[in-house]
There are 2 protein chains.
Amino acid sequence: MTVMFSKKCEYGLQAVLYLAAHMDRDAIPAEEVAGKLSIPKEFVSKILQSLTESGIINSRKGKSGGFSIAKDPKKIKLIDIVAAIDGLSMFNSCVMGFPNCDVNNPCPLHDKWGELRTKAYSMLTDENLDQFREKTLRKVSNL
Amino acid sequence: MTVMFSKKCEYGLQAVLYLAAHMDRDAIPAEEVAGKLSIPKEFVSKILQSLTESGIINSRKGKSGGFSIAKDPKKIKLIDIVAAIDGLSMFNSCVMGFPNCDVNNPCPLHDKWGELRTKAYSMLTDENLDQFREKTLRKVSNL
DNA sequence: GTTTAATCAGACAAAATAATCTGATTAAAG
DNA sequence: CTTTAATCAGATTATTTTGTCTGATTAAAC
């Protein structure tokens with residue numbers, strides 16, 4: 001069981017952080033990303049392809065090709081990756097799965113979950129990819 | 001996509017809350033629970049069976065049989081249902097799926113997620129089933 | 001004791017998610 | 001221009017999750 005994102009999304013977050021932490025380098029092949037992060041190569045490749053369509057990363061075909069961050073990493077937030085892969089429905093769904101859970105018809109956890117959800121959203125929007133660089137490098141070097 | 005629990009767990013939480021909110025009545029058949037909560041009957045039946053094995057609810061076979069809360073609802077917390085169905089791994093896994101994510105080798109979100117996780121745990125442990133009774137009745141009456 | 005309405009058990013089916021395979025295309029480098 | 005190393009596209013497989021079906025068992029009520 002994953003915590004709150006799909007496996008695809010977890011991998012996507014890891015991979016994009018990896019690319020952002022290595023902006024200084026050229027395009028990075030899917031094989032390297034897969035190897036460093038222990039993700040199946042074809043799977044991470046697919047995920048990065050889809051993020052290319054979303055405009056978050058670039059891809060370059062052919063020899064010495066690979067993937068790289070598409071724009072200024074100061075302008076990319078983790079929420080962008082989550083939105084592109086899992087979507088944002090988790091931020092307006094009832095935590096217990098009740099339908100029509102809103103302020104007029106709240107489930108027993110509505111208020112408490114509401115606070116948590118707001119903080120979870122902040123967690124994904126407060127910092128940009130550039131600000132995660134060092135932490136990512138430290139984590140990746142210990143995998 | 002569910003928010004943070006599996007569908008099975010969401011249904012389990014809803015169903016147990018329903019039973020707890022109707023403790024005054026006799027055993028409640030799976031069919032009623034399924035109908036009120038719009039959950040497939042056989043599915044909720046399976047879920048309630050498994051919670052019977054976990055000792056959270058009782059079942060009675062035969063005519064006028066059904067399910068009921070097994071013990072004092074003041075002594076049951078939502079976390080008990082989550083633990084029985086999804087397990088507690090979500091409370092010690094990395095939110096981004098990194099391995100070995102701990103204080104010595106944290107992922108970029110480790111600290112922020114740590115706080116959230118603690119609060120999510122509180123959300124499931126602060127109140128007992130009895131305290132959810134009214135809120136549940138209000139919600140269920142508007143489904 | 002027969003009928004009826006329920007759980008229970010286990011197999012089965014469908015759908016979603018995760019992962020793999022194959023071959024085509026592309027572009028750098030010799 | 002040939003080789004090589006990469007993405008890309010799409011089909012396929014595997015696994016997990018979700019949901020369904022069938023029949024056996026149980027117990028209340030008549």
Side-chain angles (χ1 to χ4, degrees), chain A residues 1-15 19 25-70 82 84-87 89-90 93 97, chain B residues 1-15 19 25-35 37-70 82 84-87 89-90 97:
Chain A
M1 274 277 295
T2 55
V3 175
M4 62 184 335
F5 307 125
S6 69
K7 218 140 205 1
K8 207 183 282 187
C9 190
E10 287 184 353
Y11 290 159
L13 289 165
Q14 293 184 23
L19 295 182
R25 296 174 46 201
D26 227 4
I28 295 178
E31 180 146 33
E32 174 180 331
V33 178
K36 297 282 187 182
L37 302 175
S38 307
I39 305 175
K41 180 191 154 193
E42 292 85 359
F43 199 27
V44 84
S45 172
K46 278 276 180 234
I47 295 166
L48 290 175
Q49 274 171 45
S50 85
L51 290 173
T52 299
E53 284 178 34
S54 308
I56 294 171
I57 63 184
N58 278 331
S59 72
R60 203 174 65 209
K61 283 184 162 189
K63 189 158 185 174
S64 80
F67 297 93
S68 57
I69 298 290
V82 173
I85 300 177
D86 278 352
S89 70
M90 57 167 302
S93 301
Chain B
M1 275 278 295
T2 56
V3 175
M4 63 184 334
F5 307 125
S6 69
K7 219 139 207 349
K8 207 183 280 186
C9 190
E10 286 183 354
Y11 289 159
L13 289 166
Q14 293 183 24
L19 295 181
R25 296 174 46 201
D26 226 4
I28 296 178
E31 179 146 31
E32 174 180 332
V33 178
L37 302 174
S38 308
I39 304 175
K41 180 191 155 194
E42 292 86 359
F43 199 27
V44 83
S45 173
K46 280 270 179 243
I47 294 166
L48 290 174
Q49 275 171 45
S50 84
L51 290 174
T52 300
E53 284 178 33
S54 308
I56 294 171
I57 64 183
N58 278 329
S59 72
R60 204 173 65 210
K61 283 183 160 189
K63 188 158 184 173
S64 80
F67 297 92
S68 56
I69 297 291
V82 173
I85 300 178
D86 278 352
S89 70
M90 57 167 301

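Lettering of chains follows the sequences in order, A, B, ..., and the numbering in each one begins at 1.
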A.B. asks: Just call it for A:A30: base, sugar-phosphate, or nothing, with non-hydrogen atoms closer than 4.0 Å on any strand.
C.D. replies: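 The residue A:A30 makes sugar-phosphate contact but no base contact.
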
A.B. asks: Could you tell me how far apart A:E32 (CD) and D:dA5 (P) are, to the nearest whole angstrom?
C.D. replies: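 Distance, rounded to whole Å: 16 Å.
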
A.B. asks: Let me confirm one number: the OG-CG distance from B:S54 to B:L48, rounded to the nearest 0.5 Å.
C.D. replies: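 Going from the OG atom of B:S54 to the CG atom of B:L48 covers 11.0 Å.
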
A.B. asks: Of all of residues 47-58 of chain B, which get a heavy atom below 4.0 angstrom from DNA chain D, listed by number?
C.D. replies: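 Contacts with DNA chain D under 4.0 Å: none.
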
A.B. asks: For side chain to side chain contact (heavy atoms under 4.5 Å, CB included), just list the numbers for B:F67 and B:V33, CA-CA rounded to whole Å, side-chain angles, deciding distance to a tenth of an Å, and then say yes or no.
C.D. replies: CA-CA 9 Å; B:F67 297 92; B:V33 178; over 6 Å; no

A.B. asks: Atom CD1 of A:I28 and atom P of D:dA5: how far apart are they, to the nearest Å?
C.D. replies: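 To the nearest whole Å, that distance equals 18 Å.
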
A.B. asks: Report the distance from atom CD of A:E42 to atom CD of A:E31, rounding to the nearest 0.5 Å.
C.D. replies: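 Reported to 0.5 Å precision, the distance equals 9.0 Å.
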
A.B. asks: Can you measure from NZ (B:K7) to CD1 (B:I47) and round to the nearest 0.5 angstrom?
C.D. replies: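 Nearest 0.5 Å value for the NZ-CD1 distance: 10.0 Å.
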
A.B. asks: Please report the closest heavy-atom contact between A:V44 and A:A34, naming both atoms and the distance.
C.D. replies: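 Residues A:V44 and A:A34, closest heavy atoms: CG1-CB, 3.9 Å.
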
A.B. asks: Hey, could you give me the CD1/OG distance between B:I39 and B:S45, rounded to the nearest 0.5 Å?
C.D. replies: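 Answer for the CD1-OG pair, B:I39 versus B:S45, is 11.5 Å.
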
A.B. asks: Can you tell me how far C1' of D:dA5 sits from CZ of A:F67, to the nearest Å?
C.D. replies: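 One finds 13 Å between C1' of D:dA5 and CZ of A:F67, rounded.
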
A.B. asks: For nucleotides 24-30 of chain D, just jot down a letter per nucleotide in 5' to 3' order: B, S or -, based on protein non-hydrogen atoms under 4.0 Å.
C.D. replies: --BBB--

A.B. asks: Looking at CG of A:L19 and CD of A:E32, how far apart are the two atoms once the value is rounded to the nearest 0.5 Å?
C.D. replies: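 Going from the CG atom of A:L19 to the CD atom of A:E32 covers 9.0 Å.
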
A.B. asks: How far apart are the C-alpha atoms of B:F5 and B:V82, what are their side-chain angles, what is the distance that settles it, and do they pass the side chain to side chain contact (heavy atoms under 4.5 Å, CB included) test?
C.D. replies: CA-CA 8 Å; B:F5 307 125; B:V82 173; 3.9 Å; yes

A.B. asks: First locate atom CD1 of B:I56, then atom OG of B:S50, and finally report the distance between them rounded to the nearest 0.5 Å.
C.D. replies: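 B:I56 CD1 to B:S50 OG: 8.5 Å, rounded to 0.5 Å.
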
A.B. asks: Quick one, give me the B/S/- string for nucleotides 14-20 of chain C, reading 5' to 3', where B means a protein heavy atom under 4.0 Å from the base and S means that only happens at the primed atoms, P, OP1 or OP2.
C.D. replies: ----SBB

A.B. asks: Measure across B:D86 and B:S6 and return the closest heavy-atom pair with its distance rounded to 0.1 Å.
C.D. replies: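 Heavy atoms only, the tightest pair is OD1-OG, 2.6 Å.
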
